[in-house]
Amino acid sequence: MKLIFLGAPGIGKGTMAELVEKKYGFLHISTGDILREEMKEGTDIGKQIQVRMDSGVLVPDEMITEIVKVRLHKDDCKAGYVLDGYPRTIPQAEAFEKVVAIDKVIELDCDMAIILDRLTGRWTCKDCDEIYHERNMPPKVEGVCDTCEGVLYQREDQKPETIKKRLEAYEKQTKPLVDFYRGKGLLHVVDASPAPEVIFEHICAAIDG
Ligand code: AMP
């Protein structure tokens with residue numbers, strides 16, 4: 001099955017996509033992760049997108065659609081996938097329609113206050129990229145990764161000014177996709193305010209239904 005997860009940054013798309021991958025075997029594909037990897041490796045694409053990524057601005061539509069197209073050609077996508085973070089604009093969705101027939105679009109939705117609480121206070125391990133949260137998922141020792149003892153730091157896009165920009169970009173550029181996919185009869189809305197296991201149950205019901 002081919003799925004798209006829609007929802008504001010920080011709402012938990014990545015966590016839920018991982019759970020879906022474990023249960024159903026649909027590969028979790030995060031465009032944010034792919035782009036961060038390009039930056040880490042210092043590729044041409046990585047260098048071109050650094051400033052936009054660090055300031056919470058979207059990368060160009062054609063570039064990201066090309067990256068996704070290439071990724072979906074790999075064998076590990078054959079059993080299905082969950083796209084997390086793509087498409088993110090109407091032009092991306094229109095271009096993507098011509099490439100793939102998506103089965104379902106699941107929108108995770110909740111109050112902005114909850115999203116802000118989840119987004120602010122995130123820290124990432126410098127070595128293994130594990131993400132922690134000051135209040136909701138703190139490491140055992142402050143500033144140190146539980147898994148590999150690496151140093152925790154706040155990524156540029158986890159800082160308050162950038163979070164504001166990412167949320168604005170979501171409202172303005174991505175939110176219109178909800179109506180776009182509703183109009184095509186593909187949309188399933190899931191309330192993202194309850195506990196993670198409850199959200200996951202509702203996502204499974206949408207997938208199985
Ligand atoms: P994320 O981890 O999904 O929040 O993505 C982090 C950053 O990667 C975003 O703020 C954008 O700069 C960039 N990005 C990820 N996916 C896309 C996309 N589909 N279109 C444009 N930019 C994207």
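First listed ligand is number 1; within each ligand, the first listed atom is number 1.
- Here's the thing with Arg52: none of its N/O atoms is less than 3.5 angstrom from an N/O atom of ligand 1.
- Heavy-atom contacts of Gln92 reach the following atoms of ligand 1: 18 (C), 19 (N), 20 (N), 21 (C) (cutoff under 4.0 Å).
- Under a cut-off of 6.0 angstrom, the local environment of NZ in Lys140 is sparse, with at most 12 non-hydrogen atoms contributed by other residues, nucleotides or ligands.
- Residue Asp33 has no nitrogen or oxygen atom sitting less than 3.5 Å from a nitrogen or oxygen atom of ligand 1, judged on distance alone.
- Looking at Arg166, its side chain does come within 3.5 Å of a backbone N or O of Asp157 through a donor-acceptor pair.
- For ligand 1, the atoms sitting less than 4.0 Å from at least one non-hydrogen atom of Met53 are 7 (C), 8 (O), 12 (O), 13 (C), numbered in the order shown with element in parentheses.
- Using a 4.5 Å heavy-atom cutoff, the side chains of Tyr86 and Ile67 are not in contact.
- Closest heavy-atom approach to atom 11 (C) of ligand 1 within the set Asp54, Val57, Asp157, Ile64: this belongs to Val57.
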### Message
Is there a side chain to side chain contact (heavy atoms under 4.5 Å, CB included) between Tyr153 and Cys125? Walk through the geometry before answering.
### Response
CA-CA 6 Å; Tyr153 75 111; Cys125 173; over 6 Å; no
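- In the vicinity of Gly85, heavy-atom distances shorter than 4.0 Å reach the ligand 1 atoms 16 (N), 17 (C), 18 (C), 19 (N).
- Taking a cutoff of 4.0 Å between a charged side-chain nitrogen and a carboxylate oxygen, Arg71 and Asp76 qualify as a salt bridge.
- Note on Met16: it does not cluster hydrophobically with Ile4, by side-chain heavy-atom contacts below 4.5 Å among ILVMFWY residues.
- Of the listed residues (Lys13, Arg36, Lys165, Arg88), the one carrying the non-hydrogen atom nearest atom 9 (C) of ligand 1 is Arg88.
- Here atom 14 (N) of ligand 1 lies nearest to Leu35 when heavy atoms of Val59, Ile49, Leu35 are compared.
- Taking 4.5 Å as the limit, every side-chain heavy atom of Trp123 sits out of range of all side-chain heavy atoms of Val151.
- Summary of contacts: the protein heavy atom closest to atom 16 (N) of ligand 1 is Thr31 OG1, 2.8 Å.
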